[in-house]
2 protein chains.
Amino acid sequence: MNIGHASEKSGLPAKTIRYYEDIGLLKPDRSDNGYRDYSMSDVHKLRFLQRARGLGFSVEECRQLLALYEDKDRASSDVKSIARTKLKEIERKLTELRELQHTLQHLVAHCHGDQRPDCPILERISGTRPE
Amino acid sequence: MNIGHASEKSGLPAKTIRYYEDIGLLKPDRSDNGYRDYSMSDVHKLRFLQRARGLGFSVEECRQLLALYEDKDRASSDVKSIARTKLKEIERKLTELRELQHTLQHLVAHCHGDQRPDCPILERISGTRPE
DNA sequence: CTTGACCTTCCAGTTACTGGAAGAATTACC
DNA sequence: GGTAATTCTTCCAGTAACTGGAAGGTCAAG
């Protein structure tokens, strides 16, 4: 599969896909014509990268998460340790996202565009006064 | 409140706080000595920025979300429209985060570090085969 | 057989910070 | 009161993670 198709399947621009190769996140085969040739596994990685980056994980965190898949020979305790660390992070993100969700839901349901000077949107957005 | 204290309260480095001022996300008062002076409202904004950026929202998206608070005189239909758009985005992020969470939970619970060549971690991480 | 879409590499520009220098203001200690 | 450490200021340069564009090779359609 060439880069255009991989781009469609993963939701990442071709530019970004080449960049991820540059920094060593994946290394697709090359066809005889020199074109990159992406396997299904490559596409899975790209799709994962597209998601994880959009969820605020850094490229280095993504590299670690991909390594959980790549390093199947890694001691399972290492894998579990990394996974557990990331799980805590995910739970934090889930909580924060739900708080933001509730705030915006409240805004949609109750905001009338008035000038109330004590509008508490930000307090709740910022998590200072979680609902 | 000076920048060091605002940094502590918001979880953002002072450098980043000054940067956010440079690009117009907030404009704290200045004390007589020239030091920046942050109000509680400023700190709420900073805390919100810290969270929203960590959840994968761009600075421009954050600017829009802050505007929901700032522009209280904006027509409520505009506010609601923006909020609804962001709500869809948040729901997508929540779904993706939960999928990633389930994958890692599975990994912690069942991975034994073996060499199974058909290890389906990535398929599930990438959302190609959601659980 | 050429036109157009898609691929290649390379180099420069953008976004969102991040580090460090040089100097002024405040606080902490003797 | 003096001075040393801390915290603040601005400015300028560097990094991370892309993103755009040029110059050119490959390939499928008409």
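Here is how names work: the chains are called A, B, and so on, in the same order as the sequence lines, proteins then strands, and each is numbered from 1. All figures in this text were calculated on a predicted structure; none of them were measured in a lab.
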Using a cut-off of strictly less than 4.0 Å between a heavy atom of the residue and any atom of DNA chain D, enumerate the qualifying residues of residues 29-38 of chain A by number.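 Contacting residues: A:Asn33, A:Tyr35.
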Whole-Å gap separating [atom2] ([N]) and [atom1] ([X]):
X: B:Ile17; N: C:dA16; atom1: CD1; atom2: P; answer: 17 Å
X: B:Gln50; N: C:dC17; atom1: CD; atom2: P; answer: 11 Å
X: B:Arg18; N: C:dG19; atom1: CZ; atom2: P; answer: 13 Å
X: B:Ile23; N: C:dT15; atom1: CD1; atom2: P; answer: 10 Å
X: A:Tyr19; N: C:dT15; atom1: OH; atom2: P; answer: 16 Å
X: B:Glu21; N: C:dC17; atom1: CD; atom2: P; answer: 15 Å

I want to check one thing: is the phosphate of [N], taken as OP1 and OP2, less than 4.0 Å away from some side-chain N or O of [X]?
X: B:Ser58; N: C:dT15; answer: no
X: A:Tyr20; N: D:dA17; answer: no
X: A:Thr16; N: D:dA17; answer: no

Sorted by number, the residues of residues 1-11 of chain B with heavy-atom contact under 4.0 Å to DNA chain C: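 Under 4.0 Å from DNA chain C: no residue of residues 1-11 of chain B.
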Taking C-beta and beyond as the side chain, do [X] and [Y] meet within less than 4.5 Å on heavy atoms?
X: A:Leu66; Y: A:Leu26; answer: no
X: B:His5; Y: B:Asn2; answer: yes
X: A:Ser7; Y: A:Ile17; answer: yes

Within the distance-only criterion (no hydrogens, no angle test), does the side chain of B:Asp22 pair as donor or acceptor with the backbone N or O of B:Tyr19 below 3.5 angstrom?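 Here the side-chain-to-backbone pair does not exist.
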State plainly whether the residues A:Lys86 and A:Glu89 are in salt-bridge range, i.e. N to O under 4.0 Å.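 Looking at A:Glu89 together with A:Lys86, the answer is no, because their closest N to O distance does not fall below 4.0 Å.
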A:Glu60 and A:Arg63 ion-paired at < 4.0 Å: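 Salt bridge present between A:Glu60 and A:Arg63.
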Nearest nucleotide by nearest heavy atom, which residue falls closer to the 5' end of DNA chain C, B:Lys15 or B:Glu60?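 Residue closer to the 5' terminus by nearest nucleotide: B:Glu60.
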Regarding B:Arg53, tell me which of base, sugar-phosphate or nothing describes its non-hydrogen contacts under 4.0 Å with the strands shown.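 If one applies the 4.0 Å heavy-atom cut-off, B:Arg53 turns out to touch the sugar-phosphate alone, with no base involved.
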Taking all non-hydrogen atoms of both residues into account, name the closest pair between B:Pro28 and B:Asp37 and its distance.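 In terms of heavy atoms, the two residues are closest at CB-O, 3.7 Å.
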Minimum heavy-atom separation for B:Leu55 and B:Lys93, please, with both atom names.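 Of all heavy-atom pairs spanning B:Leu55 and B:Lys93, the closest is O-NZ, 3.1 Å.
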Taking the six-membered ring of B:Tyr38 (Phe, Tyr or Trp), confirm whether the NZ or CZ of B:Lys45 is under 6.0 Å from its centre and within 45° of its axis.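 No, B:Lys45 does not lie over the aromatic ring of B:Tyr38.
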